[in-house]
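To start, the structure itself, in structure tokens.
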2 protein chains.
Amino acid sequence: MGKPRPSAPTISEVAAAAGVGRATAARTLGGYGYVSAEMRDRVLAAADELGYRTNQLARSVSTGVSHTIGVVVADISNPFFGGVALGISEVASARGFDALVLSTAEHLDEEISAVNVLVDKRVDGIILSSAACAADSTAHLQLPNEQGIPLVLLDRLIPGLDLDAVVIDNRAAARHATSELIRAGHTRIGFIWGPPVAGRIEYRRELVEAARRNLWSDGERLAGYLDALDDAALPLDLDHVMLGEKTEARAYEAVTRMVALDAAPTAFFCTETDALTGTLHALRDAGLSIPQQVSIIGFDDSSWAAVMNPPLTMVRQPMLELGRQAAELLLSRIDAAGEASHAVQRELSAEFVERASVAPAPDER
Amino acid sequence: MGKPRPSAPTISEVAAAAGVGRATAARTLGGYGYVSAEMRDRVLAAADELGYRTNQLARSVSTGVSHTIGVVVADISNPFFGGVALGISEVASARGFDALVLSTAEHLDEEISAVNVLVDKRVDGIILSSAACAADSTAHLQLPNEQGIPLVLLDRLIPGLDLDAVVIDNRAAARHATSELIRAGHTRIGFIWGPPVAGRIEYRRELVEAARRNLWSDGERLAGYLDALDDAALPLDLDHVMLGEKTEARAYEAVTRMVALDAAPTAFFCTETDALTGTLHALRDAGLSIPQQVSIIGFDDSSWAAVMNPPLTMVRQPMLELGRQAAELLLSRIDAAGEASHAVQRELSAEFVERASVAPAPDER
DNA sequence: CTGTTAGCGCATTCAC
DNA sequence: GTGAATGCGCTAACAG
């Protein structure tokens with residue numbers, strides 16, 4: 001037993017010091033059961049005399065409740081997940097729960113080990129934003145439930161699975177944004193941040209297929225873009241959708257390539273912050289001005305977007321609310337403790353923030 | 001004993017199923033002590049037959065080690081702390097530790113209760129960015145050490161206390177940024193994000209005093225600004241430093257007021273993102289162009305800064321590295337387990353990222 | 001109301 | 001090598 005700690009007084013020591021039985025000390029210190037006022041005072045006095053602090057770990061193994069929830073996201077430094085994490089901890093801590101947060105860098109194997117760690121640490125529940133897409137490779141998402149630990153999916157659904165989830169209506173948001181561009185007269189709209197496929201894609205069907213094999217949220221945004229095109233009976237130009245690795249640098253390249261096309265897009269819809277900054281960079285280097293020559297709409301509003309020149313029209317996601325609702329749902333599951341009931345899926349809607357980066361399409365050149 | 005869990009097999013059950021003693025099962029499952037190959041195989045087989053998972057909580061109460069560290073910051077949704085948190089979890093998880101992260105909203109009472117929670121949950125160490133400034137109100141920072149739990153301060157020092165810490169050289173960074181403005185010919189430089197004092201301030205001494213009663217990092221940045229002014233023998237104009245609540249809205253008001261002055265600043269140094277966006281807003285509404293009419297330097301570089309018009313010159317803080325080093329220091333303390341040795345204070349330096357928002361001061365009007 | 005006693009799941013000492 | 005026995009700090013029946 002390696003116990004290097006300076007000692008940390010136990011309940012027994014407090015009981016001894018107060019001259020009462022362990023149970024009495026345990027009751028007053030644990031705040032349960034009956035105990036007379038004077039006994040309590042003696043115990044309390046002895047307790048803070050010795051500097052007693054409850055060992056929650058020991059309590060947890062005894063009660064089976066850790067008052068800790070697990071949160072697994074791709075990247076806690078991403079403002080989106082940061083906002084979500086804050087929302088979660090707000091409601092969790094108000095109810096006496098703390099969050100163990102793990103980042104997976106979007107790697108499935110890290111996600112799997114994160115879930116294992118959380119289960120082993122006996123968290124009372126898990127909120128997880130999965131990188132898994134296909135319904136295969138999702139065995140780790142079953143594990144918690146098998147162990148009686150509620151799990152709620154965050155921001156990304158897994159099509160085949162019937163699990164609790166709280167997400168954003170990405171598809172509707174993307175459809176709306178794209179249609180706003182169309183309404184302004186644009187017919188050639190670049191979609192930045194496509195599915196990360198390697199080769200070239202020839203048919204729409206392949207595109208949809210590729211999207212479906214990736215992050216749910218990304219796929220939904222692409223679907224919304226396609227919806228809007230269909231609504232307006234506009235053709236899909238595969239040269240106008242970015243494919244490949246999702247980095248700012250690749251977005252830059254993609255946009256640079258697109259603006260050199262004969263049928264260059266006159267507007268861009270960027271589905272993530274890095275996609276947007278890459279696009280902005282490319283547009284500047286190409287000498288194109290916003291919104292006179294090209295219109296633009298981004299995703300993930302930030303205080304920066306409002307101070308740009310021009311202020312950028314954005315799709316704002318309710319990150320805090322997403323976190324809060326996920327936490328509330330999870331806590332209600334924890335309260336219900338195993339009572340079966342089918343999966344709940346909540347969908348929050350994103351807000352369209354209109355500013356000044358969308359203008360009527362320029363005349364055809 | 002409320003144990004609603006579907007059962008979770010224990011080491012004893014595995015031992016029984018494998019037909020060996022508990023200890024043998026414990027040894028192979030715990031990976032310690034001697035055990036013959038065939039016994040091990042039997043145990044392992046029984047283990048995954050039953051779906052055995054180690055109860056780390058129970059192990060922790062037994063060993064006194066939880067393999068969990070606590071991280072307490074003001075706001076996990078702030079990209080700065082998000083970056084720090086990522087850095088921490090990178091090195092922590094590589095060593096088998098997970099992070100319990102708590103946000104305090106810069107409230108001292110929440111910070112205190114956060115520390116208590118962490119101590120009670122028996123984390124192996126704590127990394128904390130404190131809102132405490134004066135050396136009073138810091139009793140909670142002693143608690144962990146008394147309990148044998150290492151604590152390392154992050155980003156903010158507490159002047160009176162001799163604790164481990166990893167910080168940024170805010171003063172030097174601010175001094176450098178300000179001096180760059182001076183070098184460009186500016187003599188009236190606005191400092192946005194001052195100490196949050198209520199009334200009016202008449203003397204430099206009061207200003208320094210007010211800063212000292214607040215966040216260490218903020219005070220250092222102000223000190224660096226003052227240093228640069230002194231270096232150049234420039235007078236301090238108290239009307240050029242923002243006082244009051246630190247919000248984007250107040251920054252907007254402060255800048256709006258400053259640009260209306262007879263002796264209006266021709267440059268601004270903004271020490272935080274919200275201060276910067278507030279300033280940018282105010283400048284735009286005042287019809288002032290950057291950098292022709294006013295130069296500007298911000299703190300906390302972001303990918304947005306590079307795509308602004310003009311690209312903004314910024315002070316970039318090594319957030320990830322700050323987190324990594326704090327975690328490394330903490331883990332080394334955990335390894336050392338109580339061996340006394342005096343406090344280590346590491347100081348990382350911020351990087352000055354020169355872009356295009358600083359230009360020579362316009363001619364005096 | 002109080003104290004005795006028996007767990008919780010795992011680690012660890014010590015005879016066999 | 002192996003397994004019985006004891007302990008970690010706390011909760012929780014159960015008598016008194």
Side-chain angles (χ1 to χ4, degrees), chain A residues 1-43 46-47 50-67 119-122 124 147-148, chain B residues 1-43 46-47 50-67 119-122 124 147-148:
Chain A
M1 307 246 172
K3 303 221 59 242
R5 294 274 189 289
S7 73
T10 77
I11 258 192
S12 308
E13 302 183 51
V14 173
V20 306
R22 310 153 173 276
T24 304
R27 273 191 287 262
T28 94
L29 263 15
Y32 61 91
Y34 295 92
V35 55
S36 66
E38 61 171 333
M39 288 267 115
R40 174 168 47 247
D41 291 347
R42 287 223 318 260
V43 173
L50 298 183
Y52 171 81
R53 309 230 98 232
T54 300
N55 182 333
Q56 299 290 358
L57 245 40
R59 174 174 294 179
S60 293
V61 12
S62 194
T63 60
V65 176
S66 62
H67 281 284
V119 168
D120 291 350
K121 287 202 172 173
R122 297 301 192 264
D124 296 329
Q147 305 282 324
Chain B
M1 304 250 174
K3 304 220 61 239
R5 295 273 190 288
S7 72
T10 76
I11 259 190
S12 307
E13 301 182 50
V14 173
V20 306
R22 311 153 171 277
T24 304
R27 272 191 286 261
T28 93
L29 263 15
Y32 59 92
Y34 295 93
V35 56
S36 66
E38 60 172 332
M39 288 267 115
R40 175 169 45 247
D41 291 347
R42 286 221 323 258
V43 173
L50 298 183
Y52 170 81
R53 309 229 97 235
T54 299
N55 182 333
Q56 299 290 356
L57 244 40
R59 173 173 294 179
S60 294
V61 12
S62 195
T63 59
V65 177
S66 62
H67 281 283
V119 168
D120 291 351
K121 287 201 171 173
R122 297 300 190 265
D124 296 329
Q147 304 284 324

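Proteins get letters first, then strands, A, B, ... in listed order; numbering begins at 1 in each.
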In this structure, OG of A/Ser60 is separated from CG of B/Asn55 (nearest 0.5 Å) by 9.5 Å

Taken to the nearest whole Å, CG/B/Leu57 to P/D/dT11 is 13 Å

Contacts of B/Glu38 and A/Gly30 projected onto DNA chain D by closest heavy atom; the upstream (5') one is B/Glu38

To the nearest angstrom, the OH-C1' distance between B/Tyr32 and C/dT13 comes to 11 Å

Classify the side chain of A/Ser62 versus the base of C/dG7 as yes if they form a donor-acceptor pair under 3.5 Å and no if they do not. yes

The side chain to side chain donor-acceptor pair (under 3.5 Å) partners of A/Arg53 (sequence neighbours excluded) come to B/Asp120

For residues 20-29 of chain B, the side-chain hydrogen bond (donor to acceptor under 3.5 Å, both in side chains) pairs (sequence neighbours left out) are B/Ser12-B/Arg22

Sequence neighbours excluded, the answer for side chain to side chain donor-acceptor pair (under 3.5 Å) partners of A/Arg40 is none

d(A/Arg42 CZ, A/Ser36 OG) to nearest 0.5 Å is 8.5 Å

Sorted by chain and residue number, the side chain to side chain donor-acceptor pair (under 3.5 Å) partners of A/Asp41 (sequence neighbours excluded) come out as none

Q: Look only at the side chain of B/Ser62 and the backbone of B/Ala58, and say whether a donor-acceptor pair between them is shorter than 3.5 Å.
A: no

From the candidates D/dG1, D/dT11, C/dA11, the one with an atom nearest any side-chain atom of A/Arg59 is D/dT11

Closest to the side chain of A/Met39, out of D/dT2, D/dT11, C/dT2, is C/dT2

Which pairs, protein N/O on one side and nucleotides 14-16 of chain C N/O on the other, fall under 3.5 Å?
none

So, does A/Tyr34 get its side chain near the phosphate of C/dG3, meaning an N or O under 4.0 Å from OP1 or OP2? no

In this structure, CG of B/Leu57 is separated from CZ of B/Arg122 (nearest 0.5 Å) by 12.5 Å

So, with a heavy-atom separation below 4.0 Å from DNA chain D, the residues of residues 18-25 of chain B are B/Val20, B/Gly21, B/Ala23, B/Thr24

Please tell me if B/Thr10 has a side-chain N or O lying less than 4.0 Å from either OP1 or OP2 of C/dC8. no

